[in-house]
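Data first, discussion second: the structure below is written as structure tokens.
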Amino acid sequence: MSSQGRTSGKERAVIECQSVYKVFGRNADSLVAGTDGFIDAEAARSAGCIVGVNNASFEVHAGELLVIMGLSGSGKSTLLRCISRLTDATAGKIFVEGQDLLAMSSKKLLQMRRSKMGMVFQSFGLLPHKTVLENIAFPLQMKGMGTRQSVSRARDMAELVGLRGRENYFPRQLSGGQQQRVGIARSLAVEPDIWFLDEPFSALDPLIRKEMQDEFLRLQGVLKKTILFVTHDFDEALRLADRIAIMKEGIIEQLDTPAGIILEPATEYVRKFTEDVPREKVLRIESVMDPVDQEEELSDLRVSKDSIIETVAETILNQDRPVGVVDADNALVGSLHASHVINVLFGNRSQRPSGN
Amino acid sequence: MSPPRIPLKAVQFSGLLVAFFVLANFVDSSDANWLWRFPPLLKDLPFIINDTVQKLLFEWMPIEIYDPDIDDYESSPLFREVTRAVSSSLLVIIEFTREVILGGVKTIVVFTDWDFINENPWAHWPALPWTVITGWAIVLGYRLRGIGLAILAGFSTVYISVFGQWEPSMQTLSFVLVTAPVSVVLGLALGIWAFRSKSVEAALNPLLNVAQTMPHYSYLVPVIVLFGVGDHAAAIATIIFATPPMVRLTLLGLKNVPADVVDAGVMNGCGRFQLLFRVLIPTAKRDVLIGVNQVVMQCLAMTVIASFIGAQGLGSNLMIALNSLKIGTGIEIGVCIVLIAVVLDKMSLAWAHKQKDYFADRTLFQRYSIPILLVAILAGGSILAWIGSFLFEEGRNYLYIVPHNKGITTAPFWQAAVDWTWDTFFFILKDFNEFLITQVLFPMRDLYLGMPVVATFLLMMGTAYILAGFRSALIVGGFLLFIAFSEYWDRALITAYMASFVVIVSAVIGLTVGSLCAQSAVASRAILLVCDFLQTFPSFIYLIPVIMLFGITDTSVIIASVVYATVPATRYTIEGLRSVPVVIQEAGTMSGVSRMQRLVSIEFPLAFPHIMLGINQTVIFGLFMVIIGAFIGTTDLGQLILKAISDRHGTGIGITLGLCVAFIGLAVDQIIRTWAERRKKELGLG
Ligand SMILES: Nc1ncnc2c1ncn2[C@@H]1O[C@H](COP(=O)(O)OP(=O)(O)OP(=O)(O)O)[C@@H](O)[C@H]1O
Ligand SMILES: [Mg+2]
């Protein structure tokens with residue numbers, strides 16, 4: 001995972017949305033034309049419209065993994081479909097690698113989809129008449145790759161997602177989780193630069209999900225794709241995200257780093273949404289360490305300032321002396337007392353009920 | 001306690017019936033009284049149609065056409081040239097297919113001329129020996145579905161050959177081999193077009209409705225006028241008839257492709273055509289292939305009727321046999337038709353469900369084993385035929401082609417069986433026949449004919465209003481108005497009485513059998529299998545055994561129609577009842593209802609919409625068969641259509657009559673379908 005992407009703001013924007021709206025219904029155009037800013041939900045309802053995406057503006061940088069969260073029906077899939085131009089946004093501008101997506105010719109768009117974009121669908125979207133292998137090879141064949149070559153690549157992909165031995169099965173002969181893995185393999189086959197994932201792991205059991213997440217992180221570490229990732233699972237979001245966007249009724253309520261979202265919720269909704277998220281899974285050592293005190297005797301253990309607290313908590317608590325914190329160049333930047341860790345782990349929890 | 005509430009519908013219906021009987025009793029039955037019969041305002045419609053067609057054919061849009069005979073340009077109407085071109089190209093294809101199977105010279109003539117044939121006796125395309133086709137059918141059957149289908153295919157071809165029906169059967173087969181692909185391609189194209197454009201769909205829909213409810217042979221007259229008589233004309237009539245279900249099923253299949261599959265196709269970089277041919281159509285494959293299967297069956301069903309305008313093959317032989325009361329021959333031919341139908345049905349279905357296995361590692365020989373086998377069979381069969389030419393005398397080479405009517409025949413046996421039945425059961429059959437006609441059919445007919453036209457309108461439109469709403473009532477009224485203003489109201493009433501008798505009997509039988517069988521999974525499966533089997537028979541076949549028993553009477557027509565129309569009622573009842581979700585059934589059982597209560601109060605209401613669709617089919621099937629009954633002498637609309645075929649100026653009459661029949665069907669269809677939809681919505685099923 002790229003930690004630099006989040007710190008340096010000068011990164012190139014791969015996807016840029018400017019006031020994107022998607023409204024379903026007959027009077028959609030007039031409704032959007034009459035508003036400046038957010039569409040009023042009440043006004044939309046009386047016009048017989050459903051607002052899918054409401055005035056979304058944000059950027060996604062190269063190599064960044066943006067997780068989109070929100071309740072069911074909050075417009076996550078719709079936002080993804082707008083950016084992949086599976087539906088045309090009602091209003092707004094979307095730039096992909098600097099090119100205006102909505103003004104793009106269908107030929108250009110086709111080229112873009114064939115070479116740049118990959119998508120994993122919430123409902124899989126497998127071709128029922130094709131086997132696992134054929135499904136995976138399909139986008140390659142659309143690009144014009146020959147059968148032999150595409151099938152051999154598809155075989156590798158199937159192996160990667162753990163579908164070995166099921167290559168000749170049809171989608172209907174697979175479980176939901178297996179189908180989802182076919183979808184993942186298929187979208188990976190073309191090595192897209194931009195990857196849209198709509199709840200890709202939701203159909204998997206916890207064990208395989210963990211495995212797939214690890215595999216996913218490993219791949220992302222190597223490939224550094226630009227990713228839009230929809231999930232309902234906060235744990236998953238925290239493991240994967242560089243930044244998280246929280247949506248409610250089509251509106252992006254907040255878009256920030258995981259720590260930012262949890263420590264400084266922008267709205268009441270976001271606060272409630274993140275209330276039960278364990279702090280130790282979000283916070284990094286950096287945010288709880290003390291400045292370096294020359295007097296203090298430190299234990300021999302050194303931890304990186306970028307580590308998530310949860311991952312190092314146990315080792316820290318096992319030390320009888322404070323632990324030294326180092327940065328990427330292994331220079332000492334601070335010290336960490338076990339009491340701070342205990343505070344993060346248990347302290348907040350006792351306060352939480354009164355906070356409600 | 002409050003008094004029991006009387007349902008609104010019951011009140012409405014009682015009111016309707018009272019009004020109906022008042023009208024029926026107090027309207028004077030004289031031709032001058034328009035409450036009794038509407039004036040035939042549309043009397044001239046047939047002539048207008050005739051004139052239009054004539055104009056189209058002989059005057060409209062003259063174009064300059066080069067005529068090689070007089071070596072000059074000649075003016076000829078565009079439409080006529082178009083129909084000519086269509087006819088001749090179809091004829092060439094049909095003859096080519098036929099000669100590939102049966103041999104001949106006509107294809108060679110197309111490329112040379114008759115003189116060439118006369119001068120060169122060797123220029124004769126040889127037929128495929130029957131052993132070759134039998135072998136191919138077996139291999140194909142085996143490849144498609146395994147040993148069972150192979151045996152069936154082998155048995156059928158051997159049967160056909162042994163009983164001396166090879167030539168007409170192959171003529172029929174070649175006819176189907178041409179018309180079916182053309183219909184499939186046409187239907188696919190129209191279906192895709194309708195899928196792409198809403199306005200095309202809207203325009204196509206009513207056309208399809210009418211085309212599917214018009215009796216087969218009301219197409220025949222216009223086709224004769226436009227295209228003449230012969231195989232090509234028969235082929236065109238068949239294509240017109242067989243294409244609509246293909247269009248329907250293509251459209252249905254394409255519409256049912258899940259949105260996420262389409263999205264996935266788009267995101268995977270499909271262009272317009274790739275999306276259509278590699279995502280949409282393959283995903284809709286099931287429906288499309290069922291369409292193909294339907295097309296094949298429709299083409300076969302048309303062979304008998306198409307024989308009226310010159311299709312050669314089993315159909316015309318069957319007609320001749322039936323007309324001269326050669327029941328034995330008729331049965332033999334009928335069996336041939338059924339065998340061809342069953343084999344083609346099973347093969348096309350097996351093909352539909354066949355899965356490809358790309359990745360199995362197969363050797364070169366294994367991969368090409370089928371073509372190699374087919375070629376080997378061709379060689380073997382040819383050698384056998386060659387040997388046969390020494391063993392048998394000229395023209396009777398049983399190893400080449402068993403000549404027509406020179407095979408074994410069981411006709412005398414069947415004839416004897418018929419005679420025996422007649423002798424033994426004569427009085428029973430006669431009594432039954434007489435009873436049915438004098439005690440049931442005639443009174444019913446008189447009842448129908450005794451209705452004043454306004455009363456009929458009231459009854460039909462009122463029923464439509466109560467069951468299906470105001471819009472439906474208007475539509476039904478429109479359909480009836482057309483018939484009432486034509487000259488054929490009385491004939492239509494006769495058709496309606498026969499059809500409604502058939503429908504009532506079929507529905508009762510179908511519902512009873514269906515609900516009984518639905519109680520057991522095994523019985524359901526068995527009866528559905530029987531339904532499948534019966535549905536592969538071309539409609540005409542049903543007439544053969546009843547004629548055998550009851551001769552050429554209304555009774556025969558009615559019994560055949562009842563058998564034919566009971567199939568959908570039974571099938572839909574079973575399907576409807578069996579598809580009631582288990583959860584709901586169990587919930588019912590747990591709340592302590594008995595089996596009977598459960599059937600009446602849970603399963604029937606839930607299955608009702610589906611069952612109604614079955615009844616709808618029963619109506620269409622019944623109407624259809626009653627009309628076909630005209631061939632063996634009923635006195636309804638069908639008979640007039642039949643007359644129109646032999647009339648030079650019959651086009652207008654034929655089309656008008658056809659529309660009358662179609663409108664009866666569509667009126668009932670409108671009521672039942674809308675009603676079923678409504679119920680479905682109310683039950684939250686759709
Ligand atoms: N084609 C459509 N026509 C009309 N309304 C639609 C359409 N697609 C989506 N919507 C509406 O847009 C809103 C957002 O839907 P969307 O599928 O984006 O939700 P989501 O956040 O992905 O939910 P989930 O987590 O359940 O997948 C919903 O209220 C939905 O009803
Ligand atoms: Mg979604």
Side-chain angles (χ1 to χ4, degrees), chain A residues 77 80-81 84-87 106-107 109-145 147-148 151-152 154-155 167-173 182-183 186-187 189-190 192 194-196 198, chain B residues 144 188 191-192 195-196 198 249-250 252-293 348-364 366-367:
Chain A
S77 299
L80 238 55
R81 289 167 55 84
S84 54
R85 217 183 139 186
L86 281 172
T87 67
S106 56
K107 204 165 157 196
L109 189 64
L110 189 67
Q111 220 44 52
M112 185 123 197
R113 283 179 178 144
R114 283 185 182 168
S115 57
K116 291 232 154 65
M117 293 178 171
M119 188 157 188
V120 177
F121 291 85
Q122 185 173 8
S123 43
F124 316 145
L126 301 183
L127 304 176
H129 60 287
K130 290 188 179 286
T131 61
V132 168
L133 223 45
E134 289 171 298
N135 258 296
I136 301 176
F138 186 71
L140 297 171
Q141 289 169 358
M142 289 300 103
K143 276 174 79 172
M145 196 186 274
T147 311
R148 185 183 299 269
V151 164
S152 98
R155 238 185 248 283
E167 288 94 339
N168 281 338
Y169 283 37
F170 283 90
R172 59 172 182 277
Q173 297 165 315
V182 179
R186 177 177 66 180
S187 73
V190 279
I194 304 169
W195 206 9
F196 303 104
D198 198 346
Chain B
L144 286 174
L188 208 56
I192 291 169
F195 177 69
R196 279 277 166 85
K198 278 267 171 297
L249 281 158
T250 305
L252 181 80
L254 289 178
K255 277 188 169 171
N256 280 346
V257 173
D260 59 295
V261 172
V262 181
D263 284 349
V266 171
M267 280 312 286
N268 286 334
C270 288
R272 244 170 86 105
F273 285 97
Q274 285 173 321
L275 193 66
L276 185 61
F277 289 107
R278 303 197 54 171
V279 176
L280 285 169
I281 292 180
T283 308
K285 184 176 147 190
R286 252 188 79 85
D287 285 316
V288 171
L289 288 176
I290 292 174
V292 172
N293 176 260
S348 57
L349 280 182
W351 179 59
H353 297 296
K354 184 101 194 140
Q355 295 173 356
K356 266 194 268 179
D357 186 7
Y358 290 104
F359 304 102
D361 282 329
R362 288 183 300 169
T363 62
L364 207 64
Q366 279 170 329
R367 205 168 308 160

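Within every chain, numbering begins at 1; the chains are lettered A, B, ... in the order of the sequence lines, protein sequences first and strands thereafter. Computation of the quantities below employed the complete heavy-atom set of this structure, encompassing side-chain atoms and omitting hydrogens, waters and symmetry-equivalent molecules.
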Gap between atom CE of A:Met119 and atom CG of B:Asp263 - 0.5 Å precision: 7.0 Å
Rounded distance (nearest 0.5 Å) linking atom CD of B:Gln274 with atom CE of A:Met142: 4.5 Å
B:Asn268 side, atom CG; A:Lys143 side, atom NZ - distance, nearest 0.5 Å: 11.0 Å
Which of B:Cys270, B:Gly271, B:Gly265, B:Pro282 touches chain A most, by non-hydrogen pairs under 4.5 Å: B:Pro282
Side chain, backbone, both or neither of A:Arg186 within contact of chain B (heavy atoms, under 4.5 Å): side chain
Steps toward side chain to side chain contact (heavy atoms under 4.5 Å, CB included) verdict (A:Phe124, B:Val261): CA-CA 8 Å; A:Phe124 316 145; B:Val261 172; over 6 Å; no
Minimum heavy-atom distance A:Gly125-B:Ala264, with the two atoms named: O-CB, 3.1 Å
Under 3.5 Å: donor-acceptor pair, side chain of A:Arg114, backbone of B:Gly269: yes
Leading residue by heavy atom contact count with chain B [cutoff under 4.5 Å; candidates A:Ser187, A:Pro139, A:Pro192]: A:Pro139
Contact leader toward chain B among A:Met112, A:His129, A:Gln122, A:Arg81, where contacts are heavy-atom pairs under 4.5 Å: A:His129
Residue B:Arg278 versus chain A: region with a heavy atom under 4.5 Å: both
Chain B contact via A:Phe196 - which portion, at a heavy-atom distance below 4.5 Å: side chain
Under 4.5 Å from any heavy atom of chain A - which part of B:Pro258: neither
